[in-house]
Amino acid sequence: MTFEQAPHKLLMIPGPIEVADDVLYENAHPAVAHVAPEFCQVYSEVLKNLRKVVYASDKVQPLAIAGSGTMGWDMTAVNALQPGEEVLVLETGYFSDGYADAMRAYGVKPTVLEAPAGQRPSLDQVKDALKQKKYRAVTITHVDTSTGVLTDVKAVAEAVREVSPETFIFVDSVCAVASEELRFDDWGIDLVLTGSQKGLGCPPGLSIMLIGPRVVKAFEERKTPPATYYLNWKHWFPVMKAYEAASPAYFGTPPTNLIYALHRSLKTILEGPVSLEERIKLTKQASDKIKNALTEMGLKQLVDPELQKNNGAANGMTAVRYPNGLKAPDVLPKMAQRGIVLGAGIHKDCKDQYFRIGHMGVSAVDTSRGDIDKVLRNLKEVLSESSQKL
Ligand SMILES: Cc1ncc(COP(=O)(O)O)c(C=O)c1O
């Protein structure tokens with residue numbers, strides 16, 4: 001492979017993220033028919049490897065099609081649930097609220113278990129809510145990208161099983177897959193949705209789901225057909241099964257280049273140079289380095305301090321409050337001038353009070369790039385310059 005990326009600003013927002021050279025090269029794969037045997041083989045490996053990234057058995061149906069993470073919300077609401085069904089949404093910020101909105105769009109009834117910005121509902125609150133009413137499903141936003149709050153999916157899943165074992169557990173892991181531990185089978189998860197552009201290290205454009213056997217069964221037994229054409233699993237399951245068997249099938253042309261890109265990045269994630277476990281450890285190390293340095297600079301995270309102590313802050317991103325007197329224009333454009341793109345705040349209650357740093361994928365795992373140091377060095381200088389002007 002001979003390939004060099006065009007000079008560009010270092011993308012350190014919490015997705016999309018920097019893409020490794022070899023993945024970007026695959027994204028430029030020459031044109032290929034979506035039914036060509038060589039493409040079917042690649043798609044087959046992608047689907048099999050997606051299971052491995054979340055430790056899911058062969059009973060779990062993988063799906064990777066054109067779309068974005070948001071489409072996974074729609075797919076969940078319209079296929080896995082029926083109008084009128086009740087769902088408990090664990091609020092963590094902008095993205096859990098979005099999942100709830102997607103439910104409403106299809107007549108599903110979400111009850112939002114509220115939490116202030118930087119916090120998450122407690123296990124006791126989840127258990128109490130489940131004792132009060134029968135819910136068809138609980139939705140968890142694994143990492144809420146608006147706040148950096150990490151939910152302990154394993155513990156929530158245990159709590160749900162204890163109180164209401166028939167309730168499905170749906171996990172939005174768009175900002176967590178391959179950056180945080182996620183064990184589909186061992187933790188008793190029913191559905192995971194994600195996208196290609198964060199921990200999976202690809203360009204945006206793929207909506208990825210892993211659907212467990214209880215949900216597939218419920219889908220097959222549903223009384224009303226899903227009110228959708230493109231999103232209907234009835235069309236996609238046979239196509240995914242055919243591709244997994246390395247044979248062609250058609251329902252909507254797949255984004256062939258993105259499948260090649262994902263194929264490459266999944267190989268790196270699963271086969272090295274570092275293992276998936278090691279990747280998650282390295283992502284945590286990068287996160288600790290950033291979070292400790294921010295604390296040394298006198299900055300506070302958006303995640304509640306108690307929650308931070310209880311492993312409630314994400315590995316793959318950090319939401320940071322501006323120091324007193326500074327606002328977004330004092331920091332973000334100045335970082336961009338220095339060639340580093342950080343993200344603005346997006347939580348409805350405090351979006352102007354904080355900014356976000358993404359540290360997933362190559363930027364965290366390939367320390368030889370020096371991305372984390374570059375962000376910290378420049379941020380320190382920008383904050384000092386801007387504070388002096390106050
Ligand atoms: C946790 C979470 N869920 C869902 C989404 C929506 O994904 P997309 O922007 O790919 O539609 C995002 C996007 O950032 C996200 O972070």
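Note that ligands are numbered from 1 as they come in the structure, with each ligand's atoms numbered from 1 the same way. These numbers were taken from a predicted model, which means no experiment stands behind them.
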Query raised in the report: Would you say Thr70 and ligand 1 have an N/O pair spaced under 3.5 Å apart?
Result: yes
Report task. Starting from atom 9 (O) of ligand 1, locate the nearest protein heavy atom and write down its residue, its atom name and how far away it is, to 0.1 Å. Result -> Gln197 NE2, 3.9 Å
Query raised in the report: Could a heavy atom of Gly195 be found less than 4.0 Å from some atom of ligand 1?
Result: no
Query raised in the report: Given that the side chain starts at C-beta and the backbone is N, CA, C, O, which of these parts of Tyr99 lies under 4.0 Å from ligand 1, counting heavy atoms, or is it both or neither?
Result: neither
Requested in this report: Starting from atom 16 (O) of ligand 1, find the nearest protein heavy-atom neighbour and note its residue, name and distance.
Outcome: Thr145 OG1, 2.3 Å
Report task. Decide salt bridge (charged side-chain N to carboxylate O under 4.0 Å, His left out) for Glu244 and Arg51; before the verdict, give the C-alpha distance in whole Å, the side-chain angles of both, and the deciding distance to 0.1 Å. Result -> CA-CA 12 Å; Glu244 190 172 348; Arg51 284 202 197 91; 2.8 Å; yes
Query raised in the report: Do Val171 and Leu150 belong to the same hydrophobic cluster, where Ile, Leu, Val, Met, Phe, Trp and Tyr are linked whenever their side-chain heavy atoms lie under 4.5 Å apart, directly or via other members?
Result: no
Query raised in the report: Do the non-hydrogen side-chain atoms of Val320 and Ile290 ever get within less than 4.5 Å of each other?
Result: no
Report summary line: Test salt bridge (charged side-chain N to carboxylate O under 4.0 Å, His left out), reference Asp190, set Arg136, Lys217, Arg214, output is Arg214
Query raised in the report: Parallel under 30°, tilted from 30 to 60°, perpendicular over 60°: which one fits the rings of Trp236 and Phe251?
Result: perpendicular
Report summary line: Candidates Met71, Met317, Lys198, His142; heavy atom nearest atom 14 (O) of ligand 1 found on Lys198
Query raised in the report: Is there a nitrogen or oxygen of Val143 sitting under 3.5 Å from a nitrogen or oxygen of ligand 1?
Result: no
Query raised in the report: When you look at NZ of Lys327, are more than 12 heavy atoms from neighbouring residues, nucleotides or ligands closer to it than 6.0 Å?
Result: no
Report task. Please confirm whether Trp73 comes within less than 3.5 Å of ligand 1 when only nitrogen or oxygen atoms on both sides are compared. Result -> no
Report task. Tell me which part of Asp172 gets within contact of ligand 1: side chain, backbone, both or neither, using heavy atoms under 4.0 Å. Result -> side chain
